[in-house]
Amino acid sequence: MEIKSAEFVVSNSDVTKCPNTRLPEYAFIGRSNVGKSSLINMLTNRKGLAKTSGRPGKTQLINHFLINKNWHLVDLPGYGYARVSKSTKKVFQKFITQYFAVREQLISAFVLVDIRHEPQPIDLEFMQWLGEHAIPFSIIFTKADKLKPKAIERHIETYKNVLLETWETMPPYFITSATKNLGQDTVLQYIEDLNNNLGKQL
């Protein structure tokens, strides 16, 4: 897929105010220091599309971006470790769950995971929650440029072993690096394939 256009549409904390269209949506979510904004900018070839910050937890709203005029990329608040008050965190955690519960346009979520770390309970619990609510998702391993190929293989294998303790199969996954543009083609191709399959079903 070639990204010909990527434009900001709306930010809000009210799911009912998300774009009222039938366009397919793909939601990106992960821990608040996982490099989500950098990944979104890399995928879309737009340096400042998603706001990056040295302070984790910057994204605290549901952000919709219209891609190629035919699908929405949704940037959701990060979970865990955000430097915000407990009351604020509760508010945006609530509208994250509301988004997943009611947004019929959602085709798939992408759960971002820092490949440098061992499987974290907070990530595994969130994936479990998605599974229990029958929400399709894939895993995007970020920051692969920080590890050597053998280390990447080991970390992926560790993740597979942990997930397969409770899952029948490993969810689709992608290895990415925002600084090296690694994984851009495969993630976008995956989205394009899902969009094409959706078109055939309509």
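Nothing fancy with the numbering, it's 1 onward along the sequence. What you are looking at is a predicted structure, and each value in this text was computed from that prediction instead of being measured. Both backbone and side-chain heavy atoms feed into the values below; hydrogens, waters and symmetry mates do not.
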Discussion item. Is there a path of hydrophobic side-chain contacts, each under 4.5 Å between heavy atoms, that joins Leu163 and Ile156?
Written reply: yes
May I have the list of side-chain donor-acceptor pairs in residues 131-144 shorter than 3.5 Å, sequence neighbours left out?
unit_1	atom_1	unit_2	atom_2	d
His133	ND1	Trp129	O	2.8
Ser138	OG	Tyr190	OH	3.2
Thr142	OG1	Val34	O	2.9
Thr142	OG1	Val113	O	3.4
Lys143	NZ	Asn33	O	3.1

Worksheet entry | Any donor-acceptor pair under 3.5 Å from Asp145 side chain to Lys180 backbone | no
Worksheet item: Do the side chains of Leu49 and Phe65 get nearer than 4.5 Å, heavy atoms only?
Response: yes
Worksheet item: Heavy-atom distance under 4.5 Å between the side chains of Thr158 and His155, does that happen here?
Response: no
Worksheet item: Is the CG atom of Asn20 crowded by more than 12 outside heavy atoms at less than 6.0 Å?
Response: no
Discussion item. Taking the basic N atoms (NZ, or NE/NH1/NH2) and the acidic carboxylate oxygens, is any pair closer than 4.0 Å for Asp75 and Lys36?
Written reply: yes
Worksheet entry | From Gln120 atom CD to Glu118 atom CD, the distance as rounded to the nearest 0.5 Å | 8.0 Å
Worksheet item: Do Ile62 and Cys18 come within less than 4.5 Å of each other through their side chains, counting heavy atoms only?
Response: yes
Item to complete: Establish whether Val162 and Met170 are linked, either directly or via other cluster members, by ILVMFWY side-chain heavy-atom contacts under 4.5 Å.
Response: yes
Discussion item. For Arg31 and Asp123: C-alpha separation, side-chain torsions, deciding distance, then whether salt bridge (Lys or Arg N to Asp or Glu O under 4.0 Å) applies.
Written reply: CA-CA 8 Å; Arg31 283 187 299 153; Asp123 293 322; 3.5 Å; yes
Response to the item:
Residues passing the salt bridge (charged side-chain N to carboxylate O under 4.0 Å, His left out) test with Arg154, sequence neighbours excluded, are none
Worksheet item: Do you know the tightest heavy-atom contact between Thr44 and Ile40?
Response: OG1-O, 2.9 Å
Worksheet item: Listed by chain and number, what are the ring-ring contact (aromatic ring centres under 6.0 Å, His included) partners of His64, not counting sequence neighbours?
Response: His72
Worksheet entry | Separation between CG of Leu23 and CD of Gln105, rounded to the nearest 0.5 Å | 8.5 Å
Discussion item. Quick one, Phe110 and Ile191 - any side-chain contact, counting heavy atoms below 4.5 Å?
Written reply: yes
Worksheet item: Looking just at side-chain N and O atoms, do Asn161 and Glu165 make a donor-acceptor pair shorter than 3.5 Å?
Response: no
Worksheet entry | Contact summary for Val15 and Asn12, nearest pair of heavy atoms | N-OD1, 4.1 Å
Worksheet, complete the sentence: Partner of Phe28 under side chain to side chain contact (heavy atoms under 4.5 Å, CB included), picked from Asn63, Leu39, Val111, Leu76, is Leu39
Worksheet entry | Sub-4.5 Å side-chain heavy-atom contact between Arg46 and Ile3 | yes
Worksheet item: Under 3.5 Å, is there a donor-acceptor pair between the side chain of Asn68 and the main chain of Lys4?
Response: yes
Worksheet item: Quick one: are Asn195 and Tyr26 in side-chain contact, heavy atoms under 4.5 Å?
Response: yes
Worksheet entry | Residues Leu112, Phe174; criterion side-chain contact (heavy atoms from CB on, under 4.5 Å); working and verdict | CA-CA 10 Å; Leu112 276 61; Phe174 305 91; over 6 Å; no
Fill in: Gln128 and Trp167, any side-chain heavy atoms less than 4.5 Å apart
yes
Worksheet item: Looking only at heavy atoms, which two atoms of Asn70 and Pro24 are closest? And how far apart?
Response: O-CD, 3.5 Å
Worksheet entry | Closest contact, heavy atoms only, Ile115 versus Leu147 | O-CD1, 3.6 Å
Worksheet entry | Donor-acceptor under 3.5 Å (Thr186 side chain, Gly183 main chain) | yes
Worksheet item: Could you state the interatomic distance from CD (Glu157) to CD1 (Ile152), rounded to the nearest 0.5 Å?
Response: 14.0 Å
Fill in: Glu7: partners by salt bridge (charged side-chain N to carboxylate O under 4.0 Å, His left out), with sequence neighbours left out
Lys69
Worksheet, complete the sentence: Paired with Met1, the side chain to side chain contact (heavy atoms under 4.5 Å, CB included) test is passed by just one of Leu188, Asp193, Asn196, namely Leu188
Worksheet item: Is there a side-chain contact between Val10 and Pro19 (heavy atoms, below 4.5 Å)?
Response: yes
Practice prompt. Scan side-chain atoms only and decide if Asn45 and Gln184 contain a donor-acceptor pair under the 3.5 Å cut-off.
Written response: yes
Worksheet item: Out of curiosity, does Leu66 fall in the hydrophobic cluster containing Leu106 (side-chain heavy atoms, cut-off under 4.5 Å, transitive links)?
Response: no
Discussion item. Holding to salt bridge (charged side-chain N to carboxylate O under 4.0 Å, His left out), I want the full list of residues that pass it with Lys150, two or more places apart in sequence or in another chain.
Written reply: none
Practice prompt. List for me each residue that meets side-chain hydrogen bond (donor to acceptor under 3.5 Å, both in side chains) alongside Tyr99, sequence neighbours excluded, and say none if there are none.
Written response: Glu25
